[in-house]
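Here the structure is laid out as structure tokens; the discussion comes afterwards.
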Amino acid sequence: MSIGHDEVTIELADRGYRIAIGSGLLGERAVLDGLPHGSTAVIVSNPTVAQRYAHRLQALLQSRSTHCILIELPDGEIHKDWSSLERVFGALLRAGADRKTVLYALGGGVVGDITGFAAACYMRGIPFVQVPTTLLAQVDSSVGGKTAINHPLGKNMIGAFYQPLRVIADLDTLDTLPDREISAGLAEVIKYGPIADDAFLGWIEDHLDALLARDKKALAHAVKRSCEIKAWVVGQDERETGLRAILNFGHTFGHAIEAGLGFGTWLHGEAVGCGMVMAADLSHRLGLIDAAYAQRITRLVERARLPIRGPQLGADRYLELMRVDKKSEAGEIRFVVIEAPGRAALRPAPDDIVREVLAAHAA
Ligand code: NAD
Ligand code: GLY
């Protein structure tokens, strides 16, 4: 790429790739340099995003591909399911897509996760590119190769590790994102501080107002630093045999909230934000961090306009839902806890302490 934007690299031997971050990328032909041409390029999106941005990507692709088609999936977390996946497969087969066809996921984490999984499965694997258009997708879901759909019994339960060829994060797409989605994305940005970089937590505290106001310079730094941290983690543990689990800080409680209320009732980022408040309190109750550090995380989540109290599902239901989490082993729930500012680990926790946390934050 010869353009003057930020770039972060995921180092994964023969599957490494670049994340391009900047304004105006969807108008820069150079962002596609080095990607395979294929006879067909397929954009997978949803109506909300496609009406705003598909024409830009189409114009870029049409200058290099013989054929470009658009698949629109219904919008929303509730549609991150088999039916959307089948819709992609059907459209690909009808269009005569072959092994050289490249899929472009244009949208947020829902479109990205479904498209990545479709790419992993179609003809046993075809190339795909992530073009994330939400803050959450730019700082997290488009990077690292986790792809999945939900099952009614659990979040992201059916999926594959499958890396994209490139990530193209055009910051200008965030201009049209609703405020609630900016806050949801900030949950995943905040996450990186306590788990990996305490100085970044301080930077977020100092720049939160600028981020909420969509200041491009602040957003560019938040996206870049988040991707750098994620690249550092994924580069060491692509398939989550250990370290990568720290990226799930707040997610065990959060996934229980999402599944317990029904997918889509709370946004994923909202559930993660509230889940981080609970996981920080758990870390404190386990004697790992002081109350002030847990409070610091809670305050930041609140300032990001995210919920800090969970829904009243009942402690038994929370525990039941959390046992379905992918990090559980033999029915034992394992939580990402903060061991020290900027350092996280995966551990079990006694049920009575988890119940105390739930009583304090979701009673
Ligand atoms: P989303 O994909 O549902 O997008 C949020 C909403 O914003 C949607 O209505 C979408 O149509 C709309 N939208 C997207 N871009 C827009 C734009 N530029 N302007 C206006 N509207 C726009 O939600 P999300 O928060 O992006 O992603 C959440 C999903 O990501 C969850 O399913 C979660 O499980 C998944 N996720 C995956 C990973 C991973 O590593 N694969 C990591 C974190 C989250
Ligand atoms: N979002 C968690 C991960 O990518 O591992």
Side-chain angles (χ1 to χ4, degrees), residues 10 26 44-54 56-57 72-81 84 105-117 120 130-150 154-157 159-164 167 169-189 191-192 195 214 226-227 229-231 233-234 236-252 254-255 258-259 263-264 266-273 275 326-327 336 346:
I10 300 275
L26 286 179
V44 183
S45 192
N46 68 34
T48 316
V49 180
Q51 64 169 0
R52 292 174 166 94
Y53 302 109
R56 294 194 200 171
L57 185 55
E72 289 192 30
L73 301 175
D75 189 1
E77 182 75 35
I78 201 166
H79 297 293
K80 192 172 139 179
D81 61 4
S84 292
L106 176 70
V110 168
V111 163
D113 280 12
I114 299 170
T115 308
F117 191 33
Q130 290 271 18
V131 188
T133 62
T134 64
L135 181 59
L136 185 141
Q138 294 189 354
V139 300
D140 193 354
S141 65
S142 66
V143 173
K146 276 191 181 174
T147 74
I149 55 170
N150 298 325
K155 172 91 178 155
N156 292 336
M157 280 295 149
F161 287 99
Y162 195 68
Q163 300 293 342
V167 180
D170 186 337
L171 299 171
D172 290 349
T173 59
L174 304 181
D175 292 346
T176 55
L177 205 57
D179 287 344
R180 192 177 165 200
E181 301 289 349
I182 291 283
S183 290
L186 286 174
E188 302 280 16
V189 176
K191 163 184 91 177
Y192 291 111
I195 64 166
R214 302 167 199 236
S226 299
C227 288
I229 294 171
K230 185 148 187 187
V233 172
V234 171
Q236 295 175 74
D237 181 22
E238 181 188 6
R239 298 179 74 89
E240 199 168 309
T241 54
L243 177 71
R244 185 167 179 166
I246 66 169
L247 297 174
N248 281 305
F249 177 52
H251 287 56
T252 307
H255 285 171
E258 286 187 86
F263 296 120
W266 277 29
L267 299 181
H268 175 71
E270 292 170 341
V272 167
K326 289 187 289 308
K327 295 179 295 304
V336 179
L346 192 61

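Scope of the values below: all heavy atoms of this structure, side chains included, with no hydrogens, waters or symmetry mates. In listed order, ligands and their atoms are each counted from 1. Note that the structure is predicted; figures quoted are calculated from it, not measured. Counting from 1, the numbers follow the sequence of the chain as shown.
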What is the closest protein heavy atom to [atom], and at what distance does it sit?
| atom | value |
| --- | --- |
| atom 30 (O) of ligand 1 | G109 CA, 3.3 Å |
| atom 15 (N) of ligand 1 | T133 OG1, 2.7 Å |
| atom 18 (N) of ligand 1 | T173 O, 2.8 Å |
| atom 35 (C) of ligand 1 | D113 OD2, 3.4 Å |
| atom 13 (N) of ligand 1 | V49 CG2, 3.7 Å |
| atom 6 (C) of ligand 1 | E181 OE2, 3.4 Å |
| atom 4 (O) of ligand 1 | T134 CG2, 3.6 Å |

Salt bridge or not between E240 and K326? Use side-chain N to carboxylate O under 4.0 Å.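 Judged by the 4.0 Å cut-off on N to carboxylate O distance, E240 and K326 do not form a salt bridge.
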K230 and D140 ion-paired at < 4.0 Å: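 A salt bridge links K230 with D140.
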Enumerate, one pair per line, all nitrogen or oxygen atoms of ligand 2 lying under 3.5 Å from a protein nitrogen or oxygen, stating the separation to 0.1 Å; write 'none' if no such pair exists.
residue  : atom  : partner : partner atom : Å
ligand 2 : 1 (N) : D140    : OD1          : 3.2
ligand 2 : 1 (N) : D140    : OD2          : 3.4
ligand 2 : 4 (O) : K230    : NZ           : 2.6
ligand 2 : 4 (O) : R244    : NH2          : 2.8
ligand 2 : 5 (O) : K146    : NZ           : 2.8
ligand 2 : 5 (O) : R244    : NE           : 2.8
ligand 2 : 5 (O) : R244    : NH2          : 3.4

Quick one: which ligand 1 atoms are inside 4.0 Å of a heavy atom on [X]?
| X | value |
| --- | --- |
| D75 | 8 (C), 9 (O), 10 (C), 11 (O) |
| N156 | 34 (O) |
| E188 | 43 (C) |
| Y53 | 18 (N) |
| T176 | 17 (C), 18 (N), 19 (N), 20 (C) |
| T48 | 11 (O), 21 (N) |
| K155 | 31 (C), 32 (O), 33 (C), 34 (O) |
| N46 | 10 (C), 11 (O) |

Is it the case that the side chain of [X] and the backbone of [Y] share a donor-acceptor pair, with hydrogens and angles ignored and the cut-off at 3.5 Å?
| X | Y | value |
| --- | --- | --- |
| N156 | A148 | no |
| D179 | I182 | no |
| H79 | E77 | no |
| Q163 | G144 | yes |
| T147 | A160 | yes |

In a check of side chain to side chain contact (heavy atoms under 4.5 Å, CB included) between L177 and each of T134, V49, T133, which one passes?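 Among T134, V49, T133, the one meeting side chain to side chain contact (heavy atoms under 4.5 Å, CB included) with L177 is T134.
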According to the interplanar angle, ranging from 0 to 90°, do the rings of H268 and H255 count as parallel (below 30°), tilted (30 to 60°) or perpendicular (above 60°)?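 H268 and H255: tilted rings.
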For ligand 1, find out whether one of its N or O atoms is nearer than 3.5 Å to an N or O atom of L136.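 Such a contact does not occur with ligand 1.
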Short N/O distance, under 3.5 Å, between E77 and ligand 1?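 There is such a contact, yes.
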Once salt bridge (charged side-chain N to carboxylate O under 4.0 Å, His left out) is applied, do any residues pair with D172, and if so which ones, sequence neighbours excluded?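 By the salt bridge (charged side-chain N to carboxylate O under 4.0 Å, His left out) rule, D172 matches K216.
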Option nearest [atom] (shortest heavy-atom distance, choices [options]):
| atom | options | result |
| --- | --- | --- |
| atom 38 (C) of ligand 1 | G108, A105, S141 | S141 |
| atom 21 (N) of ligand 1 | V234, L177, I114 | L177 |
| atom 40 (O) of ligand 1 | Q51, K230, K80, H251 | K230 |
| atom 43 (C) of ligand 1 | V139, D140, V111, V110 | D140 |

Going by side-chain hydrogen bond (donor to acceptor under 3.5 Å, both in side chains), name the residues that satisfy it together with D75, two or more places apart in sequence or in a different chain.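 Listed in chain order: N46, T48.
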Considering residues at least two apart in sequence or located in another chain, which fulfil the side-chain hydrogen bond (donor to acceptor under 3.5 Å, both in side chains) criterion with E181?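 So E181 forms no side-chain hydrogen bond (donor to acceptor under 3.5 Å, both in side chains) with any residue.
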Test side-chain contact (heavy atoms from CB on, under 4.5 Å) on V143 and V234; report intermediate values, then the result. CA-CA 9 Å; V143 173; V234 171; 5.5 Å; no
Work out which heavy atom in G273 is nearest to a heavy atom in A187; give both atom names and the distance.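 Scanning both residues, the minimum pair turns out to be N-CB, 3.9 Å.
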Residue pair Y192 / V139: nearest heavy atoms and the distance that separates them: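 Closest approach of Y192 to V139, heavy atoms only: OH-O, 2.7 Å.
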Judged by non-hydrogen atoms, does F263 sit under 4.0 Å from ligand 1?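 Per 4.0 Å heavy-atom rule, F263 does not contact ligand 1.
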Is there a donor-acceptor contact under 3.5 Å linking the side chains of Y53 and S45?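 Short answer, no.
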For a side-chain contact (heavy atoms from CB on, under 4.5 Å) check, start with the C-alpha distance between I149 and I114, then their side-chain angles and the critical distance, and finish with the verdict. CA-CA 6 Å; I149 55 170; I114 299 170; 4.3 Å; yes
